[in-house]
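We number each residue from 1, following the sequence as shown.
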Amino acid sequence: MRALYAAQIAGIPQPAAPGTVVAAGGRQQGRTMAAVLAAVEMHAELAANGELREVEMNKTEARYAQYLEARRAAGEVAWYAYEAFKLRLAERTFYTPDFAVLLASGRLECHEVKGGHWEDDARVKIKVAARLFPFRFFAFQWRKGEWHREAF
């Protein structure tokens, strides 16, 4: 059954330990890049087939998706997805990046999109995730008509 895809792909028993990747629905994905990419692709397929709840973007995230689409058309980005997975930071503590972005170089990045204000817990979560996971983490803020990037 497709609902069990995460454990099958990752081959890691439940429950997820801190520092593991968890699908948007809460299922464990594994610790390897191949497992993460396979699970993200499966998630996209399930979403395309209408088997997952559709998550709506706010206006700033929608603007950023347009920016990513322009980068994809230019050949800089190979693939991107909105809220594709959750990252387990600690027991009952998760971080869901706004966008998973696969660059043309093969590097997977996690992008957080903010309007003008950051909550303290959001900033702490992205910093913890950056220490636990082998992805690059960036925050993007729309200010004065352009995107400003902060690396973590």
Seminar exercise, completed: Residues passing the ring pair (Phe, Tyr, Trp, His ring centres under 6.0 Å) test with Tyr95, sequence neighbours excluded, are none

Problem set entry | Step-by-step side chain to side chain contact (heavy atoms under 4.5 Å, CB included) determination, Lys125 to Thr93 | CA-CA 9 Å; Lys125 283 182 176 183; Thr93 304; 4.1 Å; yes

Problem set entry | From CA spacing to verdict: side chain to side chain contact (heavy atoms under 4.5 Å, CB included), Phe85, Cys110 | CA-CA 10 Å; Phe85 51 80; Cys110 295; 4.0 Å; yes

For this session: Could you tell me the separation between the CD atom of Glu69 and the OH atom of Tyr80, rounded to the nearest 0.5 Å?
Result: 4.0 Å

Exercise. Where do Arg123 and Phe152 land on the side chain to side chain contact (heavy atoms under 4.5 Å, CB included) test, with the steps shown first?
Worked result: CA-CA 10 Å; Arg123 188 172 285 281; Phe152 291 91; 3.7 Å; yes

Problem set entry | Closest non-hydrogen atom pair, Ala84 against Ala100 | CB-CB, 4.2 Å

For this session: Please confirm whether the backbone N or O of His111 pairs with a side-chain atom of Asp98, one donor and one acceptor, at under 3.5 Å?
Result: no

Problem set entry | Lys NZ or Arg CZ of Arg63 over Trp142 ring: under 6.0 Å, within 45° | yes

For this session: Taking all heavy atoms of Pro97 and all of Leu87, pick out the closest pair and write down the distance.
Result: CG-CD1, 4.2 Å

Seminar exercise, completed: Looking only at heavy atoms, the pair that brings Thr60 and Val113 closest together is CG2-CG1, 3.5 Å

Exercise. Under 30°, 30 to 60°, or over 60°: which ring-plane class applies to Trp147 and Tyr67, parallel, tilted or perpendicular?
Worked result: tilted

Side-chain polar contacts of residues 126-139 - donor-acceptor pairs under 3.5 angstrom, sequence neighbours left out - could you list them?
none

Exercise. Where is the tightest heavy-atom contact between Gln141 and Trp118, given as atom of each residue plus distance?
Worked result: NE2-CD1, 3.5 Å

Exercise. Take atom CG in Asp120; do more than 12 heavy atoms of anything else shown fall under 6.0 Å from it?
Worked result: no

Problem set entry | Salt-bridge contact Glu146-Lys144 (side-chain N to carboxylate O under 4.0 Å) | no

Exercise. What pair of heavy atoms forms the shortest contact from Lys114 to Ala122, and how long is it?
Worked result: NZ-CB, 4.2 Å

Exercise. Would His148 and Glu150 count as having a side-chain donor-acceptor pair, cut-off 3.5 Å?
Worked result: no

Exercise. Can Glu109 and Leu103 be said to form a side chain to side chain contact (heavy atoms under 4.5 Å, CB included), step by step?
Worked result: CA-CA 8 Å; Glu109 297 181 346; Leu103 301 178; 3.3 Å; yes

Exercise. Rounded to the nearest 0.5 Å, how far apart are CZ of Phe94 and CZ of Arg88?
Worked result: 5.0 Å

